[in-house]
There are 2 protein chains.
Amino acid sequence: MAKSSQFSIAIHVLAMLAKNCDERMKSEYIAKSVNTNPVVIRRLLGNLYEANLVVSQTGVCGGTCLTQKPEDITLLDIYRAVSSSEVFALHPQMPNQNCFIGKNIQKVLEELQDKVDSAIEEKLLRITLADVLKSVEKEANSPK
Amino acid sequence: MAKSSQFSIAIHVLAMLAKNCDERMKSEYIAKSVNTNPVVIRRLLGNLYEANLVVSQTGVCGGTCLTQKPEDITLLDIYRAVSSSEVFALHPQMPNQNCFIGKNIQKVLEELQDKVDSAIEEKLLRITLADVLKSVEKEANSPK
DNA sequence: CATAACTGTAACAAGTTTAGTTACAAATTA
DNA sequence: TAATTTGTAACTAAACTTGTTACAGTTATG
């Protein structure tokens with residue numbers, strides 16, 4: 001994935017939408033909860049729209065709501081919607097093809113990338129947005 | 001982890017050292033295979049030294065070699081030696097504590113970070129540097 | 001012991017990425 | 001028609017990554 005906080009913020013935003021499934025939520029309201037600029041939220045919602053997780057309406061009384069039930073949205077859906085890159089990067093420069101290791105390491109690293117990615121995806125596939133909301137409520141009720 | 005290629009390059013470097021366990025290897029030689037600057041390699045080797053994976057010697061006939069057998073070095077050892085951050089970042093700004101979601105989401109995200117990290121670590125723990133070298137050799141012998 | 005060959009590391013530059021901001025067109029409601 | 005809201009482009013600032021130069025310290029060897 002990356003150093004980016006897009007995944008975290010996406011979960012936050014979608015959890016808010018999940019808690020208020022029946023009404024449209026404005027980017028400005030969401031931004032106040034995330035503590036950022038509304039444009040940052042709208043950009044993120046654009047990615048979530050492309051992944052068919054939310055739908056927005058412009059104009060007065062506009063805003064965004066989920067397209068699916070929280071139980072049907074997995075963290076993998078969210079991860080794929082906002083995560084740009086792999087967990088770790090390959091060589092910035094092509095390794096020396098005259099070296100035995102240099103010539104063959106890239107394929108091996110790509111396979112490793114796949115394995116690590118699969119491990120992450122298997123984990124994320126088993127957690128839904130509804131689960132996240134449950135965890136949030138559990139946290140809210142836990143003694144500090 | 002990150003967009004960084006440190007993990008990839010570390011595996012490359014250690015694979016080279018593993019293939020020539022009995023002699024010290026110079027940073028300039030390694031750099032030519034990785035196709036980068038020797039200082040980049042020496043910086044990386046510094047991290048690997050702190051993790052007790054390699055040892056270097058200065059001066060004429062200096063260089064670096066492994067401190068352990070390739071079968072005893074796991075990719076998790078390497079990952080921990082060079083990976084600075086988590087797989088995904090939390091909020092850049094503290095969320096609004098007056099919002100129900102904002103107040104409780106961070107703990108939930110931290111728990112999620114732990115789960116994802118564990119998934120990665122379990123995978124990396126089961127692969128050794130010797131396995132990597134085997135994969136490289138297999139790749140070298142495979143028909144193109 | 002003088003010299004050449006190494007590593008270790010600081011300091012800096014360039015490129016990329018991320019987050020945040022302003023501005024404004026387009027769409028919608030009333 | 002006016003007010004409100006999203007979508008998006010353009011820009012800035014900060015952080016991170018890689019690469020580079022420079023040089024002090026260490027070691028082998030003639």
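Just so it is clear: chains get the letters A, B, ... in the order the sequence lines come, proteins before strands, and each one is counted from 1. Given the structure is predicted, the values throughout are model-derived calculations rather than measurements.
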Is there a path of hydrophobic side-chain contacts, each under 4.5 Å between heavy atoms of I/L/V/M/F/W/Y residues, joining B:L48 to B:M25?
yes

From CD of B:E28 across to C1' of C:dC6 the rounded distance in Å is 10 Å

Exactly one candidate in B:L44, B:I73, B:L17, B:N47 meets side-chain contact (heavy atoms from CB on, under 4.5 Å) with B:V54; the answer is B:L17

note: B:H91, atom NE2; C:dT18, atom P; distance rounded to Å ~ 17 Å

Notebook entry, point to check: Should B:S56 be listed as having a side-chain N or O under 4.0 Å from OP1 or OP2 of C:dC6?
Noted result: no

In whole angstroms, the gap separating P of D:dT8 from CG of A:L45 amounts to 12 Å

When rounded to whole Å, the CD to P distance for the pair A:Q6 and C:dT18 reads 8 Å

**Message:** Does B:E137, at its CD atom, have more than 12 non-hydrogen atoms belonging to other residues, nucleotides or ligands within less than 6.0 Å?
**Reply:** yes

Separation of D:dT6 atom C1' from A:Y49 atom OH, nearest Å, is 12 Å

To the nearest angstrom, the CD1-P distance between B:I30 and C:dC6 comes to 13 Å

Check the orientation of B:H12 and A:H91. Use parallel for under 30°, tilted for 30 to 60°, and perpendicular for over 60°.
tilted

- CZ of A:F100: more than 12 outside heavy atoms within 6.0 angstrom? yes

Scoring nucleotides 20-30 of chain C by protein non-hydrogen atoms under 4.0 Å (B base, S sugar-phosphate only, - none) yields BBBB---BBB-

Any donor-acceptor pair under 3.5 Å linking the side chain of A:Q97 with the backbone of A:P95?
-> yes

Here the distance between atom P of D:dT5 and atom CE of A:M25, to the nearest Å, is 14 Å

Next on the checklist: Measuring to OP1 and OP2 of C:dT7, would you say a side-chain N or O of B:S27 lies under 4.0 angstrom away?
Outcome noted: yes

Any donor-acceptor pair under 3.5 Å linking the side chain of A:T67 with the backbone of A:N52?
-> yes

From NZ of B:K26 across to P of D:dT27 the rounded distance in Å is 17 Å

Open item on the list: Under 4.0 Å, counting only non-hydrogen atoms across every strand here, what does A:G63 touch: a base, just sugar-phosphate, or nothing?
Closed with: sugar-phosphate

